[in-house]
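Here the structure comes first, spelled out in structure tokens, and everything after it is commentary.
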Amino acid sequence: MINNSLRYKNMLDRYKLYHDNYKDLAVNRMLEIYSKASELKLTNQIDLTNNVFKKVVASISKVYAYGYDRSIEDETVLDIYKKMNFDSFMIEADKKLNAFNDIIVQVAFDANKNIPRLIFRYPHKTKVETDDFLEPISIEYFVRIEDKKEIWAYWSNTEHYYKHYTKADDFTVVAVEDNEDMINPFGELPFLFMANGFRDVEFYDINSGNDLVAITLDNSIYQTFKKYLIKWQSFKQLVVTGSNVGAISGQMLDPSQALTAEGDNVDIKLLDLQANLQQLDDSLKSDINQVLINYNISPSSFNMTSHVTSGFAMQMENLELDNMTKLRQNDFVWYEKELYRLILLVSSTYGLNLKQEEFTITFNEPSYPMSDDEKVTTYAKEIDLGLISPVEMLMEEFGITEDEATNRMKQNIALRNELYNKTSSNQLNMDTTTQALLDANLGA
């Protein structure tokens with residue numbers, strides 16, 4: 001069994017990382033590595049400029065990146081989806097699922113706006129009870145702290161109420177306002193359970209992605225060390241040796257005045273401190289690149305470079321990531337269908353009767369932009385080989401009907417021929433006039 005306390009802590013750490021609020025995590029990690037970090041005030045200089053965790057999550061969350069077509073024709077449902085900001089919510093759900101491995105979406109109802117509402121429930125403050133097949137049979141999530149008591153909302157297929165915890169397993173049951181019978185009005189759990197990956201042992205996965213957490217904190221710490229070393233190397237350390245060394249005389253920052261020291265056999269030297277900063281930087285980059293490869297991300301596409309990669313090259317670099325994206329798109333087809341069903345269920349329970357339609361969503365497969373030269377060359381070759389016609393090319397390129405593409409092609413050819421004829425005629429006239437002038441000047 002997974003230790004709930006460990007899960008709460010691990011996922012809270014990820015939640016902080018996802019929201020760029022991880023300085024305390026980096027400080028604790030630094031103190032584990034170097035106990036004197038606080039004395040040197042390194043803990044006040046923590047580098048938080050490169051959140052690898054967040055960048056990788058954004059890079060692999062591509063389910064909605066290539067476009068999609070959702071089949072909803074009822075204007076009322078479309079308006080509700082718009083008011084719920086549904087598209088942005090699902091794009092964020094894709095990212096959060098990659099960040100936390102498990103995300104639960106609650107379909108609630110906003111009585112003030114008279115529309116359903118979608119709420120994320122996170123692993124670091126949610127408990128799920130499952131049956132022998134890992135199917136959820138109850139859920140409770142943290143709501144607030146009141147009078148030093150943790151208040152959690154509890155749901156099962158038949159019940160809904162609050163639990164007021166005074167200790168870890170000691171609680172009292174309190175009815176939700178306007179639900180004294182503590183009955184679940186929906187007759188089922190109004191939650192969508194989203195899992196990133198296959199599960200056959202536990203409901204929650206708290207291990208996948210730990211490498212992202214580790215590399216983010218290590219990068220933060222060693223970048224801090226690197227900046228400290230750069231500052232450290234900007235000065236030379238004064239070393240005084242001898243017997244009975246006393247006070248040092250002279251202005252240490254005035255190069256025109258010599259330094260003297262009291263004592264016997266005194267020797268004053270400067271120690272030039274150096275560190276291999278390039279080696280440290282290369283080591284950091286190598287570690288980050290290895291983690292990127294673990295997540296099927298091409299390091300060249302992750303790092304900003306002056307080299308422009310062609311569409312086909314990008315496709316080859318991201319082939320494995322694209323295959324993973326297509327698999328996750330299949331999962332999100334089911335997620336969207338289930339959310340549509342729950343939205344209609346919750347709406348009807350609160351008197352908002354919506355027209356139920358057959359719901360489908362289609363995701364576009366991963367694609368990559370090509371330069372104009374690449375695009376024209378590709379189309380020209382395909383047309384020459386008979387793989388595609390000019391009409392089909394126009395339909396594909398501009399998203400128009402066959403008749404529109406045919407008319408556009410005829411107009412383009414006519415305009416091209418007209419322009420060509422004018423150009424040829426002008427060139428002929430220019431040549432004739434030029435020849436006549438030459439003949440006249442030469443007395444021909």
Side-chain angles (χ1 to χ4, degrees), residues 6-62 92 94-101 122-124 206-237 271-307 317 321:
L6 179 61
R7 169 165 60 87
Y8 296 156
K9 180 188 180 304
N10 286 355
M11 291 304 160
L12 177 58
D13 290 349
R14 293 197 190 191
Y15 186 82
K16 290 181 177 180
L17 278 168
Y18 188 77
H19 292 89
D20 293 315
N21 180 27
Y22 62 101
K23 183 177 180 180
D24 60 324
L25 304 179
V27 167
N28 291 337
R29 177 67 175 143
M30 176 174 280
L31 291 174
E32 290 175 358
I33 297 173
Y34 188 44
S35 61
K36 294 186 180 295
S38 181
E39 295 178 24
L40 295 175
K41 299 191 181 301
L42 283 174
T43 53
N44 297 330
Q45 307 171 46
I46 295 291
D47 184 288
L48 302 174
T49 59
N50 188 14
N51 190 336
V52 180
F53 177 87
K54 190 174 181 180
K55 289 173 69 175
V56 169
V57 165
S59 297
I60 64 178
S61 302
K62 301 289 188 181
E92 185 65 16
D94 182 20
K95 295 178 182 178
K96 282 181 163 51
L97 190 56
N98 281 317
F100 307 121
N101 298 328
Y122 299 100
H124 64 278
I206 67 170
N207 296 313
S208 299
N210 283 345
D211 52 350
L212 283 180
V213 176
I215 193 62
T216 302
L217 295 180
D218 283 350
N219 180 73
S220 175
I221 292 162
Y222 289 111
Q223 288 290 358
T224 302
F225 277 132
K226 189 177 80 170
K227 290 181 178 180
Y228 177 74
L229 290 173
I230 291 173
K231 181 178 67 174
W232 181 50
Q233 292 184 153
S234 301
F235 303 93
K236 295 185 184 297
Q237 180 70 44
L271 181 62
D272 191 5
L273 304 173
Q274 293 185 357
N276 195 332
L277 299 178
Q278 185 61 49
Q279 186 179 33
L280 177 59
D281 195 50
D282 291 344
S283 178
L284 284 170
K285 290 179 180 178
S286 176
D287 290 344
I288 292 174
N289 287 342
Q290 184 57 56
V291 172
L292 296 180
I293 293 170
N294 294 342
Y295 287 85
N296 300 316
I297 298 175
S298 169
S300 62
S301 63
F302 187 81
N303 298 316
M304 295 296 293
T305 65
S306 58
H307 176 67
E317 288 177 357
L321 177 60

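Predicted, not measured: the structure shown is a model, and the values here were computed from it.
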Please examine the side chains of [Y] and [X], heavy atoms only from C-beta on, and report whether any two atoms are closer than 4.5 Å.
X    : Y    : answer
T224 : Y228 : no
I60  : N296 : no
F225 : Y34  : yes
F100 : N10  : no
K96  : V57  : no
N101 : P123 : no
I221 : N219 : no
S220 : L48  : yes

Q: Could you give me the CA-CA distance, side-chain angles and deciding distance for M30 and L42, then say whether side chain to side chain contact (heavy atoms under 4.5 Å, CB included) is met?
A: CA-CA 9 Å; M30 176 174 280; L42 283 174; 3.8 Å; yes
For residues 12-20, run the donor-acceptor check on the side chains, cut-off 3.5 Å, and write out each pair with its distance to 0.1 Å, sequence neighbours left out.
unit_1, atom_1, unit_2, atom_2, d
D13, OD2, K9, NZ, 3.1
R14, NH1, A99, O, 3.2
R14, NH1, S208, O, 2.8
R14, NH2, S208, O, 2.7
R14, NH2, N210, OD1, 2.8
K16, NZ, D24, OD2, 2.9
Y18, OH, E92, OE2, 2.7
H19, ND1, Y15, O, 2.9
D20, OD1, N51, ND2, 2.7
D20, OD2, K54, NZ, 2.9

Q. Between D94 and K62, is there a side-chain N and carboxylate O pair less than 4.0 Å apart?
A.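 Salt bridge absent between D94 and K62.
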Q. Which atom pair, heavy atoms only, marks the closest approach of S59 to L321?
A.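 Closest approach of S59 to L321, heavy atoms only: O-CD2, 3.9 Å.
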**Q.** Taking every non-hydrogen atom, the tightest pair across K23 and T43
**A.**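 Taking every non-hydrogen atom into account, CE-O, 3.7 Å.
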Q. Considering residues at least two apart in sequence or located in another chain, which fulfil the side chain to side chain donor-acceptor pair (under 3.5 Å) criterion with D211?
A.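 Applying side chain to side chain donor-acceptor pair (under 3.5 Å) to D211 gives Y295.
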Q.
If the condition is side chain to side chain donor-acceptor pair (under 3.5 Å), which residues does T49 pass it with, not counting sequence neighbours?
A.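 Once residues adjacent in sequence are excluded, the partners of T49 under the side chain to side chain donor-acceptor pair (under 3.5 Å) criterion are D47.
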(Q) Quick one, N289 with V291, criterion side chain to side chain contact (heavy atoms under 4.5 Å, CB included). Give me CA distance, side-chain angles, the key distance, then yes/no. (A) CA-CA 5 Å; N289 287 342; V291 172; over 6 Å; no
Q: Enter the distance from Q223:CD to K227:NZ here, rounded to the nearest 0.5 Å.
A: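 It comes to 7.0 Å.
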**Q.** Derivation and outcome, side chain to side chain contact (heavy atoms under 4.5 Å, CB included), residues L6 and I206
**A.** CA-CA 9 Å; L6 179 61; I206 67 170; 4.1 Å; yes
Q. E32 and N28: side-chain donor and acceptor closer than 3.5 Å?
A.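 There is no such pair between these side chains.
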Q.
Using a 3.5 Å distance criterion without hydrogens, assess whether the side chain of T216 forms a donor-acceptor pair with backbone atoms of F53.
A.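 Yes; at least one donor-acceptor contact below 3.5 Å.
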